[in-house]
Protein chains: 2
Amino acid sequence: MSNSNTAHEVLAVVFQVRGVAPQDESTKPALHVLLWQRALDPERGKWSLPGGRLGADEDLTSSVSRQLAEKVDLREIAHLEQLAVFSDPHRVPGVRTIASTFLGLVPSPATPELPPDTRWHPVADLPPMAFDHGPMVAHARTRLVAKLSYTNIGFALAPTEFALSTLRDIYHAALGHQVDATNLQRVLERRKVITRTGTTARSGRSGGRPAALYRFADARYRVTDEFAALRPPAEPD
Amino acid sequence: MSNSNTAHEVLAVVFQVRGVAPQDESTKPALHVLLWQRALDPERGKWSLPGGRLGADEDLTSSVSRQLAEKVDLREIAHLEQLAVFSDPHRVPGVRTIASTFLGLVPSPATPELPPDTRWHPVADLPPMAFDHGPMVAHARTRLVAKLSYTNIGFALAPTEFALSTLRDIYHAALGHQVDATNLQRVLERRKVITRTGTTARSGRSGGRPAALYRFADARYRVTDEFAALRPPAEPD
DNA sequence: CCAAAAGTGTTAAGCTTACACCCATGT
DNA sequence: ACATGGGTGTAAGCTTAACACTTTTGG
């Protein structure tokens, strides 16, 4: 019959900026990715992205959601988006398996319960990765960095309310380079991505002016700066 | 058995700006998409994107290339890139079929031979489309417009050598809005996307100054303006 | 000489960065 | 008081859009 001998799996690259909580002063905030360690061959002991076989009556997004629910509380995932498909016929041994990858983002203060074989790993220091999962993480990171620049996607990494210095730390960790809090504020405020709540945080034990609190204006993904150039002519008022 | 009952197909949204040749003064240049008309049910008579079943030992890109070769000369396709996956379990009747979509671009002067059931259709005036192929075209168009702004992807739509007014017409058709040739020149020259050849075109029959000819600096896809904002700090020299 | 098409100059507006400076709080 | 962190002001540079103006050709 024409029944294909091909399986389809979904794999999620789930990021969180960890170590941003004021509780722990020692560790710097860093971007982490959710991985689980394989207990069986093939690639026993190596680390895998969460995911698995696509079910018969679900689309890709439902499938990722379902499978991630086994790892983290679904409510923690603030953003989920399709990335590339990996389709090399021999990317995994055995039955041919096509992988659709996703980018998932978990806001910073959340600390979901994890199964015993599952852990957050700093993206800057990944363990040995199974199959082609290493490049998948790299691809997701590239996409995240790009989208931080021209969308409001930061909402999915940040707490509901935050001081600007906290947001700076989060962007710093996610982007991988220094970010000036002053300019971050102005860029995001002019684009109406963040707004002041009116309240302020208490200052820390070492003093300092109390920080104004902000929140993201939308809790849904939005493109904020569509055209860098070649934008349509201005509409006459 | 665990043999899945799911097929995988690839579908290509192939664009070309047609009507840019000076031969035909009557028609304005417009963005067209390559479609073929279904001769059999389901959806007989409606128009489909080129593509088909993924072969057992090919990856997605090879598969699109192979299947497009049946429609157009492969050498004509200057750019091919993965778009989204459409995975609704009931997006087509019969065996469940997951569709991976691609964006393909054909440079302007080329006029490949087409099979009898296949035609170029203006994107602005699409015929009745089969299944979910309509939204796929829309999605590809959105991606094309975005990438024209921050990459050199125009090379895949333009002739190897061209006058600036020709390039303006191409961008105009692809973007869907007016483009100023003056500013297009400056933006693309500063980014080193296009360079002068040194030669000039002959002027048309109605006179006018002869146009300088340009070419794209790279014949490969390249991101030219990565960060609209939140770019890394300047490197000290 | 005139119309047509191409190319150049100029201005203004907007956005982003960098950095100096001022403000509010705890010890 | 003073150290510490937060916030504001400001200037410089770059990028783009808009449009007036000049150049080069054919009739």
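Reckoned from all heavy atoms, side chains included, excluding hydrogens, waters and symmetry mates. It should be emphasised that the depicted structure is a prediction, and the values quoted were computed from it without experimental measurement. Chain identifiers are assigned alphabetically (A, B, ...) following the order of the sequence lines, protein sequences preceding nucleic acid strands; residue numbering begins at 1 within each chain.
- Taking the six-membered ring for Trp and the full ring otherwise, the centers of A:H32 and A:F15 sit at least 6.0 Å from each other.
- With respect to the salt-bridge test (charged N to carboxylate O, under 4.0 angstrom), the residues B:R231 and B:E226 do not qualify.
- Using a 4.0 Å cut-off between a side-chain N of Lys or Arg and a carboxylate O of Asp or Glu, B:R75 and B:D73 qualify as a salt bridge.
- Under the salt bridge (charged side-chain N to carboxylate O under 4.0 Å, His left out) criterion, B:D88 pairs with no residue at all, not counting sequence neighbours.
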Q.
Return a single string for nucleotides 6-14 of chain C, one symbol per nucleotide in 5' to 3' order, where B is base contact, S is sugar-phosphate-only contact and - is none, cutoff 4.0 angstrom on heavy atoms.
A. BSBBB----
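- Going from atom CG of A:D180 over to atom P of C:dA20 covers 12 Å, rounded to whole Å.
- Atom P of nucleotide D:dT15 and atom CG of B:L188 are separated by 14 Å, given to the nearest angstrom.
- Atoms CG (A:L167) and P (D:dG6) sit 13 Å apart, rounded to a whole Å.
- We find that CZ of B:F227 is positioned 17 Å from C1' of D:dT15, with the value rounded to whole Å.
- Rounded to an integer number of Å, the gap from A:R202 CZ to C:dT25 P is 13 Å.
- In this structure, B:R119 places its CZ atom where only 12 or fewer heavy-atom neighbours from other residues, nucleotides or ligands lie under 6.0 Å away.
- Straight-line distance from the CD atom of B:E226 to the P atom of D:dC14: 20 Å, rounded to whole Å.
- For A:W47, the ring pair (Phe, Tyr, Trp, His ring centres under 6.0 Å) partners at least two apart in sequence or on another chain are A:H121.
- Computed from coordinates, the B:L230 CG to C:dA18 P distance equals 12 Å when rounded to whole Å.
- Rounded to an integer number of Å, the gap from CG of B:L184 to C1' of D:dC19 is 17 Å.
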